[in-house]
Amino acid sequence: MSQNATSLQQRRLIVVMGPAGAGKSAVGSAVARLLGVRFIEGDEFHPPENIAKIRAGMGLTNEERRPWIRSIGEAVRALDDPVAVLACSALNWKIRAMMKEEIPADLRFFLLDVPEAELRRRLATRQGHFAGPALLQSQLAAMDRAEEARRVDGTRPVAAIAREIAALAEA
Ligand SMILES: Nc1ncnc2c1ncn2[C@@H]1O[C@H](COP(=O)(O)OP(=O)(O)O)[C@@H](O)[C@H]1O
Ligand SMILES: O=C(O)[C@H](O)[C@@H](O)[C@H](O)[C@H](O)COP(=O)(O)O
């Protein structure tokens with residue numbers, strides 16, 4: 001096995017997941033700061049047609065998710081770092097399976113658990129993001145129980161959630 005292939009297999013990616021409004025970006029970037037590693041914002045990798053659809057409040061199909069997840073995989077492949085943090089909704093097992101195919105890293109999933117009413121409240125007040133409250137229903141419908149993910153209480157302050165995930169990820 002080449003050195004490069006070995007390092008790809010050994011790379012660990014902490015995936016902060018959950019529906020829109022769960023706090024993936026806020027918590028994920030805080031986890032990365034705590035660990036001193038790079039933060040990858042999954043939403044930056046959508047092709048323009050996905051952004052237009054999400055902006056219109058429509059959920060994506062898995063076919064539409066594939067190029068997005070593939071671009072995230074390319075960004076991860078380009079990293080030299082042994083550990084990084086990714087914010088990505090990863091709503092159900094089909095999407096997580098796609099992630100495992102496309103992203104060359106050991107994926108560790110952390111699901112931010114936030115009740116629907118709080119998600120709705122956050123999305124109604126969030127500024128400067130293409131996903132609004134109209135997307136929430138399709139997000140919740142697409143979500144599964146994510147048995148493979150470690151669930152964390154996402155209703156606490158960002159710093160407390162980030163400390164918990166950082167500690168779990170290092171254990
Ligand atoms: N733990 C939290 N407590 C209160 N507000 C939060 C928390 N996490 C995130 N927020 C706020 O909720 C909104 C959605 O957070 P964001 O990180 O964009 O979620 P996501 O990336 O999962 O869509 C933002 O306005 C953010 O500041
Ligand atoms: O942070 C958010 O508000 C959401 O995650 C949002 O950006 C969107 O849900 C996904 O990027 C689209 O992909 P999915 O339909 O797979 O969640």
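Remember, it's 1-based here, ligands and their atoms both numbered in the order they're listed.
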Nearest protein heavy atom to [atom], by residue and atom, and its distance?
atom: atom 14 (P) of ligand 2; value: Ser89 OG, 3.4 Å
atom: atom 9 (O) of ligand 2; value: Gln139 NE2, 2.9 Å
atom: atom 16 (O) of ligand 2; value: Arg65 NE, 2.6 Å

Next on the checklist: Go through it in stages, so that I can follow the logic: the residues are Lys24 and Cys88, the test is side chain to side chain contact (heavy atoms under 4.5 Å, CB included), and I'd like the CA-CA distance, side-chain angles, deciding distance and then a yes or no.
Outcome noted: CA-CA 7 Å; Lys24 303 179 292 293; Cys88 180; 5.9 Å; no

Look only at interatomic distance and state if [X] has a nitrogen or oxygen under 3.5 Å from any nitrogen or oxygen of ligand 1.
X: Ile161; value: no
X: Val27; value: no
X: Glu118; value: no

Item to check | Location of contacts on Arg126 toward ligand 2, heavy atoms closer than 4.0 Å | outcome: side chain

Checklist entry - Side chain, backbone, both or neither: which part of Ala131 comes within less than 4.0 Å of ligand 2 when only heavy atoms are counted? => result side chain

Next on the checklist: Determine whether Leu86 and Ile14 satisfy the following criterion, side chain to side chain contact (heavy atoms under 4.5 Å, CB included), listing intermediate values before the conclusion.
Outcome noted: CA-CA 6 Å; Leu86 169 69; Ile14 299 162; over 6 Å; no

Checklist entry - Is it true that the side chains of Ser25 and Glu41 contain a donor and an acceptor less than 3.5 Å apart? => result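 A donor-acceptor contact under 3.5 Å links the two side chains.
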
Checklist entry - For residues Glu64 and Thr61, is any side-chain donor paired with an opposing acceptor at under 3.5 Å? => result yes

Just jot down the ligand 2 atoms closer than 4.0 angstrom to any heavy atom of [X], in number order.
X: Lys24; answer: 1 (O), 2 (C), 4 (C), 5 (O)
X: Ile54; answer: 12 (C)
X: Ala20; answer: 2 (C), 3 (O), 4 (C)
X: Trp68; answer: 11 (O), 13 (O), 16 (O)

Checklist entry - Counting only heavy atoms, which portion of Arg156 has something under 4.0 Å from ligand 1: side chain, backbone, both, or neither? => result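 The answer is the backbone of Arg156.
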
Checklist entry - Looking at atom 8 (N) of ligand 1, would you say a protein heavy atom lies below 4.0 Å from it? => result yes

Item to check | Heavy atom of protein closer than 4.0 angstrom to atom 26 (C) of ligand 1 | outcome: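 Under 4.0 Å from atom 26 (C) of ligand 1, zero protein heavy atoms found.
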
Next on the checklist: So, 4.0 Å and heavy atoms of Leu135: is ligand 2 close enough to count as a contact?
Outcome noted: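 Judged by the 4.0 Å heavy-atom criterion, Leu135 does count as contacting ligand 2.
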
Checklist entry - If we only count N/O pairs under 3.5 Å, is Asp43 in contact with ligand 2? => result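 It does: an N or O of Asp43 is found under 3.5 Å from an N or O of ligand 2.
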
Next on the checklist: Would the distance check show the side chain of Arg122 and the main-chain N or O of Ala117 forming a donor-acceptor pair, the cut-off being under 3.5 Å?
Outcome noted: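 A pair under 3.5 Å: no.
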
Checklist entry - Does the Arg33 side chain pair with the main chain of Gly28, one donor and one acceptor, at a distance under 3.5 Å? => result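 No, the answer is negative, given that no donor and acceptor are paired below the 3.5 Å cut-off.
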
